[in-house]
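Structure record follows, encoded as structure tokens.
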Amino acid sequence: MLEGIVVKRVETEPELEAAIAVRFRVFVSEQSIPPEEELDEADSTATHAIALYQGRVVGTGRLVHREDGSAHIGRMAVDAAWRRKGIGDKVLRFLEESAQAQGMKRSVLHAQEYVKGFYAARGYREHGEAFLEVDIPHVEMRKAL
């Protein structure tokens with residue numbers, strides 16, 4: 001099934017709306033994050049990626065330029081039925097490659113505690129102590145690109 005997955009940059013308003021819909025299903029519906037916390041000003045300038053299967057958006061993530069020149073990868077979300085199929089890995093790799101193409105040398109992200117192993121397996125290392133973000137335990141993780 002993974003061979004039918006295409007990861008690409010969001011190019012249209014409907015694609016962005018579909019990416020945000022995945023985020024709302026995962027973060028707002030499943031994890032009870034307040035809807036007003038899910039959208040922010042970075043959405044307008046971020047590089048958004050989507051994972052498509054037969055034209056349907058099933059995963060997403062975004063890349064934001066940090067003031068220090070590093071990439072901040074976040075809002076990684078995959079619909080429940082599509083998890084553990086390698087989609088998150090493909091989205092992450094796409095965002096990392098986009099960051100490199102834009103001249104960024106390091107990626108930083110805030111991983112929810114329960115998925116930090118996913119990022120660690122892809123070369124990310126924990127930095128600092130765990131913290132709460134929208135009342136969910138997170139840890140900052142970094143990786144040289």
Side-chain angles (χ1 to χ4, degrees), residues 1-66 69-127 130-131 133-145:
M1 191 179 321
L2 192 57
E3 58 274 355
I5 298 292
V6 174
V7 176
K8 66 181 284 297
R9 183 181 180 141
V10 166
E11 297 170 338
T12 67
E13 192 64 31
E15 287 177 344
L16 180 59
E17 290 169 3
I20 290 170
V22 171
R23 288 167 39 186
F24 267 69
R25 287 192 294 273
V26 172
F27 299 127
V28 176
S29 297
E30 288 180 30
Q31 297 182 356
S32 301
I33 291 173
E36 62 274 10
E37 294 287 334
E38 181 48 35
L39 298 175
D40 62 22
E41 64 281 349
D43 280 319
S44 64
T45 58
T47 299
H48 295 269
I50 49 174
L52 297 146
Y53 180 73
Q54 297 181 348
R56 178 174 167 233
V57 176
V58 297
T60 189
R62 77 177 188 187
L63 166 65
V64 176
H65 293 248
R66 290 174 31 134
S70 64
H72 186 269
I73 292 177
R75 301 305 203 270
M76 294 276 298
V78 175
D79 278 328
W82 291 90
R83 291 185 196 140
R84 302 197 184 280
K85 299 182 186 322
I87 294 169
D89 183 62
K90 287 184 81 155
V91 170
L92 182 62
R93 278 190 283 127
F94 180 90
L95 292 170
E96 289 173 344
E97 289 167 6
S98 295
Q100 287 176 312
Q102 294 173 40
M104 292 175 249
K105 306 285 186 220
R106 183 176 59 149
S107 174
V108 178
L109 54 83
H110 295 170
Q112 291 184 9
E113 282 276 341
Y114 84 99
V115 291
K116 67 183 182 182
F118 167 83
Y119 295 106
R122 286 148 186 88
Y124 284 82
R125 298 294 165 248
E126 292 184 42
H127 180 79
F131 58 93
E133 191 169 278
V134 291
D135 293 327
I136 297 172
H138 283 72
V139 64
E140 182 176 298
M141 300 186 81
R142 298 178 179 182
K143 176 182 177 180
L145 297 175

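Among residues two or more places apart in sequence or in another chain, the side-chain contact (heavy atoms from CB on, under 4.5 Å) test is passed with S98 by L63, F94, Q102. For H72, the ring-ring contact (aromatic ring centres under 6.0 Å, His included) criterion is met by H110, not counting sequence neighbours. Listed by chain and number, the residues in a side-chain contact (heavy atoms from CB on, under 4.5 Å) with K143 are E96, Y124 (sequence neighbours excluded).
No donor-acceptor contact under 3.5 angstrom links the side chains of R62 and H48, judged on distance only. Side-chain atoms of S29 and R25 include no donor-acceptor pair closer than 3.5 Å. With 3.5 Å as the limit, one finds a donor-acceptor pair spanning the side chains of Q112 and Q31.
Between the side chain of H127 and the backbone N or O of R125 there is no donor-acceptor pair closer than 3.5 Å. Looking at R122, its side chain does come within 3.5 Å of a backbone N or O of F118 through a donor-acceptor pair. The backbone N or O of I5 sits less than 3.5 Å from a side-chain atom of K90, completing a donor-acceptor pair. No donor-acceptor pair under 3.5 Å is formed between the side chain of T60 and the backbone N or O of I50.
Rounded to the nearest 0.5 Å, atoms CG (L39) and CZ (F24) are 4.0 Å apart. Once rounded to the nearest 0.5 Å, the distance linking CZ of R142 with CZ of R106 reads 4.5 Å. One distance of note links OG of S107 with CE of M141; it measures 10.5 Å at 0.5 Å rounding.
A49 and V7 get closest at one heavy-atom pair: CB-CG1, 4.4 Å. V78 approaches G88 most closely through the heavy-atom pair CG2-N, 4.0 Å. Among all heavy-atom pairs drawn from E30 and A80, the shortest one is OE2-CB, 3.8 Å. A pairwise comparison of heavy atoms in D40 and R75 identifies OD2-NH2, 3.1 Å as the closest pair. Of all the heavy atoms in A51 and V91, the pair that sits closest is CB-CG2, 3.9 Å.
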* **Test salt bridge (Lys or Arg N to Asp or Glu O under 4.0 Å) applied to K85 and D79, step by step** => CA-CA 11 Å; K85 299 182 186 322; D79 278 328; over 6 Å; no
* Asked: Going through the checks in order, is the side-chain contact (heavy atoms from CB on, under 4.5 Å) test met by L16 and T12?
  -> CA-CA 6 Å; L16 180 59; T12 67; over 6 Å; no
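Electrostatic pairing of R23 and D43 counts as a salt bridge here, judged by a charged N lying under 4.0 Å from a carboxylate O. Using a cut-off of 4.0 Å between Lys/Arg side-chain N and Asp/Glu carboxylate O, E15 and R9 are scored as not salt-bridged. Salt-bridge annotation for R84 and D89: absent, with no side-chain N of the basic residue lying under 4.0 Å from a carboxylate O of the acidic one.
Counting only heavy atoms from C-beta outward, the side chains of V58 and V22 never approach each other to under 4.5 Å. In this structure, the side chains of R83 and V26 come closer than 4.5 Å at one or more pairs of heavy atoms. Side chains of Y119 and L92 form a contact here, defined as non-hydrogen atoms less than 4.5 Å apart. A heavy-atom distance below 4.5 Å is found between the side chains of M76 and L95. The side-chain heavy atoms of E13 and E17, taken from C-beta on, include a pair separated by under 4.5 Å. Considering only heavy atoms from C-beta on, H138 stays 4.5 Å or farther from E113 through its side chain. Counting heavy atoms from C-beta on, the side chains of F27 and V134 never come closer than 4.5 Å.
For NZ of K105, the number of neighbouring non-hydrogen atoms (other residues, nucleotides, ligands) closer than 6.0 Å is 12 at most.
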